[in-house]
Amino acid sequence: MKTLFCTLMFSMAALLATAQNQAIESANHHEIGVDAAPLLQQFFNFGNARFYGNGYSLMYRYHFNKVAIRAGVGGYARSSEDVTNDTIREINEWTRVDFRVGIERKVDFKMRWQFFYGIDFRSAFYTSTRRSEYNIANYYEDNGRVDYYGFSPLLGFRFKINDRISLTTESSFSFMYHKSRTERLDSRAPQYDRITTSKGYDTEFVPPVYLFFTFNF
């Protein structure tokens with residue numbers, strides 16, 4: 001559904017294009033963008049489709065003639081609290097922050113259309129806490145942290161509404177190294193407290209199902 005939605009959005013935008021072959025160009029080097037998918041979800045009903053975001057809420061580009069330097073940042077913070085039988089208080093917290101910086105090459109092939117490809121260097125930091133409090137003195141707690149580092153080849157498309165405003169979408173394939181640390185604490189049985197660490201590698205494919213609304217200045 002998400003892929004169909006993005007395809008329709010770009011198809012509708014293409015109807016605005018003229019038959020001219022001269023590509024729209026901008027003299028402005030700076031570009032900022034925001035992930036438009038969560039905003040669109042607030043105004044349109046996509047049935048059961050749900051936009052989870054691609055990890056990057058904000059992006060920035062500095063444009064040269066045929067290439068651009070790019071960066072992105074995103075993340076979230078969530079928490080919940082429940083009480084069972086008026087005695088056990090359970091607290092859950094999650095945070096994640098994603099960063100990327102990279103370079104892309106741009107290829108204009110129509111007046112309003114542009115293809116780009118490149119590579120990002122990525123890092124991400126995820127933390128989680130789960131705490132169960134039985135009373136003031138007794139509790140059980142899990143604290144976790146995972147750090148990610150890697151790189152992502154990418155390719156995407158841009159539709160230029162005019163020389164300042166664009167819609168972009170892209171796909172990427174990430175190669176990531178991760179290391180994690182988990183700490184478990186139990187006030188009722190401190191002899192079982194422990195710290196666990198691990199490391200490894202992950203791959204992730206992100207399809208072109210998200211839209212960025214960008215502005216040049």
Consider only side-chain heavy atoms of I, L, V, M, F, W and Y, link residues closer than 4.5 Å, and tell whether [X] and [Y] are in one cluster.
X: Tyr117; Y: Phe159; result: yes
X: Leu154; Y: Phe205; result: no
X: Leu155; Y: Val67; result: yes
X: Ile119; Y: Ile69; result: no

With distance as the sole test, does [X] use its side chain to make a donor-acceptor pair with the main-chain N or O of [Y] at under 3.5 Å?
X: Lys106; Y: Phe64; answer: yes
X: His29; Y: His63; answer: yes
X: Ser26; Y: Arg164; answer: no
X: Asp186; Y: Arg188; answer: yes
X: Arg105; Y: Gly118; answer: no
X: Ser79; Y: Asn92; answer: no

Does a side chain donor of either Arg100 or Ser152 reach within less than 3.5 Å of an acceptor in the other side chain? no
Judged by modelled atom types alone, do Thr95 and Thr127 share a side-chain donor-acceptor pair under 3.5 Å? yes
Return the minimal non-hydrogen interatomic distance between [X] and [Y], and the atom names on each side.
X: Asn162; Y: Ile165; value: OD1-N, 2.8 Å
X: Glu81; Y: Ile91; value: CG-CG1, 4.2 Å
X: Phe212; Y: Gly33; value: CD2-C, 4.1 Å
X: Lys160; Y: Asp108; value: NZ-OD1, 2.9 Å
X: Ser128; Y: Trp94; value: CB-CD1, 3.9 Å

Q | Pair Met59-Thr168, side-chain contact (heavy atoms from CB on, under 4.5 Å): steps then yes or no | A | CA-CA 11 Å; Met59 58 80 58; Thr168 70; over 6 Å; no
Counting only heavy atoms not in [X] (residues, nucleotides, ligands), do more than 12 fall under 6.0 Å from its [atom1]?
X: Glu25; atom1: CD; answer: no
X: Tyr201; atom1: OH; answer: no
X: Arg96; atom1: CZ; answer: yes

Do the non-hydrogen side-chain atoms of [X] and [Y] ever get within less than 4.5 Å of each other?
X: Val73; Y: Tyr60; value: no
X: Arg184; Y: Tyr140; value: yes
X: Tyr126; Y: Ser180; value: no
X: Leu167; Y: Ile161; value: yes
X: Phe116; Y: Arg61; value: yes

[atom1] of [X] to [atom2] of [Y]: how many Å apart, nearest 0.5 Å?
X: Arg158; Y: Glu31; atom1: CZ; atom2: CD; result: 4.0 Å
X: Glu93; Y: Ser80; atom1: CD; atom2: OG; result: 8.5 Å
X: Asn138; Y: Ser132; atom1: CG; atom2: OG; result: 12.0 Å
X: Phe215; Y: Asn28; atom1: CZ; atom2: CG; result: 7.5 Å
X: His178; Y: Ser198; atom1: NE2; atom2: OG; result: 5.0 Å
X: Ile32; Y: Leu58; atom1: CD1; atom2: CG; result: 8.5 Å

Per side chain to side chain contact (heavy atoms under 4.5 Å, CB included), Tyr148 is matched among Glu204, Met176, Lys179 by Met176
Per side chain to side chain contact (heavy atoms under 4.5 Å, CB included), Phe121 is matched among Phe99, Phe151, Tyr149 by Phe151
**Prompt:** How are the rings of Phe157 and Phe109 set to each other: parallel, tilted or perpendicular (split at 30° and 60°)?
**Reply:** perpendicular
Show, in sequence, the C-alpha distance, side-chain angles and deciding distance for Asn143 and Thr129, and conclude whether the side-chain hydrogen bond (donor to acceptor under 3.5 Å, both in side chains) test is met. CA-CA 5 Å; Asn143 296 299; Thr129 298; 3.1 Å; yes
